[in-house]
Amino acid sequence: MTAPELKIKDLHVSIEEKEILKGVNLELKGGEIHAIMGPNGTGKSTLAQALMGHPRYEVTKGDVRLDGEDVLEMEVDERARKGLFLAMQYPSEISGVTNSDFLRSAVNAQRGEGNEVSIMKFIKQLDKKMDQLGMDESFANRYLNEGFSGGEKKRNEILQMMMLEPRVAILDEIDSGLDIDALKVVADGVNSMRNPETGFLIITHYQRLLNYIKPDFVHVVMQGRIVKSGGPELAERLEAEGYDWVKEELGIEDETVESKA
Amino acid sequence: MSIDTEQLFDSQAVTRISQSQQEPEWMLKRRLKALEQVDQLPLPRLEKTRIDRWNFTAFDPVSVHDPVSSSEELPEEVQQLISSEEEDTVFVQKNSSPIYLRLAEELQAKGVIFSDLATASREHADLVQKYFMTDGIQPEEHKLSALHAALVSGGLFLYVPQNVTIDIPVQVVFWASGKGLGTFPHLLVVGESGSHFNVVANFVSDPDSDAVINGAVEVFAGDNAKVRIASLHTEEKETTEVVYRRAVVGRDADLEWIVGDLNSGRTISDNTTHMKGNGGNARIKSITVGAGNERSNLTSTVRHWGSHTESDITARGVMKDQAQSILNGITKIEKGAVRANGVQAEKVLMLSREARGDANPILLIDENDVQAGHAASVGRIDPIQMFYLMSRGLSRREAERLIIFGFVGPVLDTIPFESLKKRMTDVIERKLG
Ligand SMILES: Nc1ncnc2c1ncn2[C@@H]1O[C@H](COP(=O)(O)OP(=O)(O)OP(=O)(O)O)[C@@H](O)[C@H]1O
Ligand SMILES: [Mg+2]
């Protein structure tokens, strides 16, 4: 495996005819951690979902390449098999499908036909990672996310990430709903995967998470664009002062959840 | 098209069937009485399925085959349905003829009766007279049940005496083979009080068969008995099957139906459980998968007569292509069934636009002091769920497969016999293509 390289150029995305992303540019390489911050409703999840290929998000313009390959041309599962992973802000619940059956199918899909993991080896791996995340064994046999608490769902997303070992991991508000101990556990999980062959795009509202997972770059999304980029100190300033100063600096008004389209 | 059944099946033909099986006189009389009713009775009335053009009568009702002396002489496909261990109890009927029967010695010693119906009607007349088409399915219900009573051939009688436990599931195969034939499989199961056993019945056909199968399953679970019966139907494209299943559940008895309506042709499946004794408990679990141009009308009914009786109907249907299926659930609580509790849930998952699936839950309650509940839904695969699964690398097909098996899981996952579960899983996989 080589270090991944994700290039997003002038990405425009609409939901139900409404343009949400209006030209996002971003480059991410293996070993890097990029944090994305920004007020509610500005398009952070939209960026994440569009990268993964969510059916409701329509890319109207722009280009996304992973190692030079056109991501937007790929089916969702193909993107995943190329190493893209999205820990979702609101993961689906799927009744009747156990967590472990699902994970094994996913791991095997990644490995490809004829190269399936042995059940024993899979179970060992799963046990180990669940232990690392402080998840009770019973979660392996529970139906996928069904009835999971908010924090349990987030841990389960991280469990999937750790089992699948993606090349580019996008984490959408993985810290929301986590208690303080869980936050640390999840951050440790992410840090355990830090290596030159994995890049992270971490969407968060809080510096808290970034205390544990030190980002290399911090980007601020407003009005469907990345309006400001910097190092870790940018996140610290946002935590302390909020977004007003950014808006002022850039002459942006009215960027709140109530903003009218 | 109306067919004059009297001309197709006259009393001489019916007499010949009875005599060729050396049945006693009373059995012949019952047949002839039923034959008279065939013309007077209407077809069953079905919700939302037109059956007036289905073939129920144009066939040769008798097709005789020689018995085989060992299960190895059975064709591969039939052998696969049964296991041939020494201690197993197995019955195979091909069209009209029972061709293979083996009762484990140990069970024989315990007084278990396991024989074809004609033999049973000679050797255990009292029992057969009491249970055969009396309190289970009755000839006078409609034209098709009368036709069954008149033309039934072969058939199996399983009798489990008081307090006898059978550990290994009893295996039954009704096999339709050839063209232009009608078959009338009949499975009569009587479990005396305190008996404890399982039966797995397979209804199969050859791939090219266009048989009309008019079958009946009757199950009597005596007081405190614990009976589990699986009825798995995998008849092929050109077949038409009508199957009436009836169970009568005694005091504090426990009955479980596992029904796989997995035919590829036309199906009427009607399952009725009578909760007669106080304190009885019944669970009815069914799965249907429709593909191609299949048509099916599937009804699960529970009637509560006894007090403190409990029932639970769980039905799942998956419809693809142009298949059409009507799933009816009927829970009826009769006056006097105090503290009865009947619940049901029918769910249909549609995989194509052209498929049609209906889930009709019906509660009929004539007693005040009861509990009852129902749920029904018809839906499609959620594209957001698909996205979620595919975002982990699963192909569309694999993601769909997981969702479908998750959907039928509440029935499939609770099947206690691994071999049956595996077989149902395989059939479902095959039907989903
Ligand atoms: N189905 C939809 N129809 C119309 N607008 C939508 C739809 N889905 C999302 N939006 C809008 O798109 C905008 C961007 O949403 P997005 O989820 O990307 O925000 P976000 O930056 O992730 O916010 P948060 O911080 O609250 O998670 C929001 O204004 C939202 O209301
Ligand atoms: Mg969001």
Notebook entry, point to check: Is B:Arg392 positioned over the aromatic face of A:Phe102, cation under 6.0 angstrom from the ring centre and no more than 45 degrees off axis?
Noted result: no
Counting only heavy atoms from other residues, nucleotides and ligands, does the tally under 6.0 Å from [atom1] of [X] exceed 12?
X        : atom1 : result
B:Arg396 : CZ    : no
B:Lys237 : NZ    : no
B:Lys320 : NZ    : yes
A:Arg111 : CZ    : yes

Note to self: So, taking the atom named CZ in A:Arg81 and the one named OG in B:Ser395, what distance separates them when rounded to the nearest 0.5 Å?
What the structure shows: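 The CZ atom of A:Arg81 sits 6.5 Å away from the OG atom of B:Ser395.
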Margin query: What's the separation between atom OG in B:Ser391 and atom CG in A:Leu51, rounded to the nearest 0.5 Å?
Written below: 12.5 Å
Please flag which part of [X] lies under 4.5 Å from any non-hydrogen atom of chain B: side chain, backbone, both or neither.
X        : value
A:Leu144 : side chain
A:Pro166 : neither
A:Ile94  : both
A:Ser105 : both

Item checked: Considering all heavy atoms, the nearest A:Gln160-B:Tyr388 contact -> NE2-OH, 3.0 Å
Margin query: At a 4.5 Å cut-off on heavy atoms, which part of B:Asp382 comes close to chain A: side chain, backbone, both, or neither?
Written below: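 When you check distances to chain A, no heavy atom of B:Asp382 falls under 4.5 Å.
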Checklist line | Residue B:Leu412 versus chain A: region with a heavy atom under 4.5 Å | finding: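 No part of B:Leu412 comes within 4.5 Å of chain A.
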Notebook entry, point to check: Would you call B:Leu394 and A:Asp77 a side-chain contact if the rule is heavy atoms closer than 4.5 Å?
Noted result: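 They are not in contact (no side-chain heavy atoms under 4.5 Å apart), so the answer is no.
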Next item on the list: Look only at the side chain of B:Gln385 and the backbone of A:Glu93, and say whether a donor-acceptor pair between them is shorter than 3.5 Å.
Entry: yes
Find the one option among [options] whose heavy-atom pairs under 4.5 Å with chain B are most numerous.
options                              : value
A:Gln49, A:Gln110, A:Glu78, A:Glu157 : A:Glu157
A:Met161, A:Met163, A:Met88          : A:Met88
A:Ser92, A:Pro55, A:Ala80            : A:Ser92
A:Asp101, A:Val76, A:Asn108, A:Thr98 : A:Val76

Item checked: Evaluation steps, side-chain contact (heavy atoms from CB on, under 4.5 Å), between B:Ile384 and A:Arg56 -> CA-CA 9 Å; B:Ile384 307 305; A:Arg56 295 226 179 107; 3.8 Å; yes
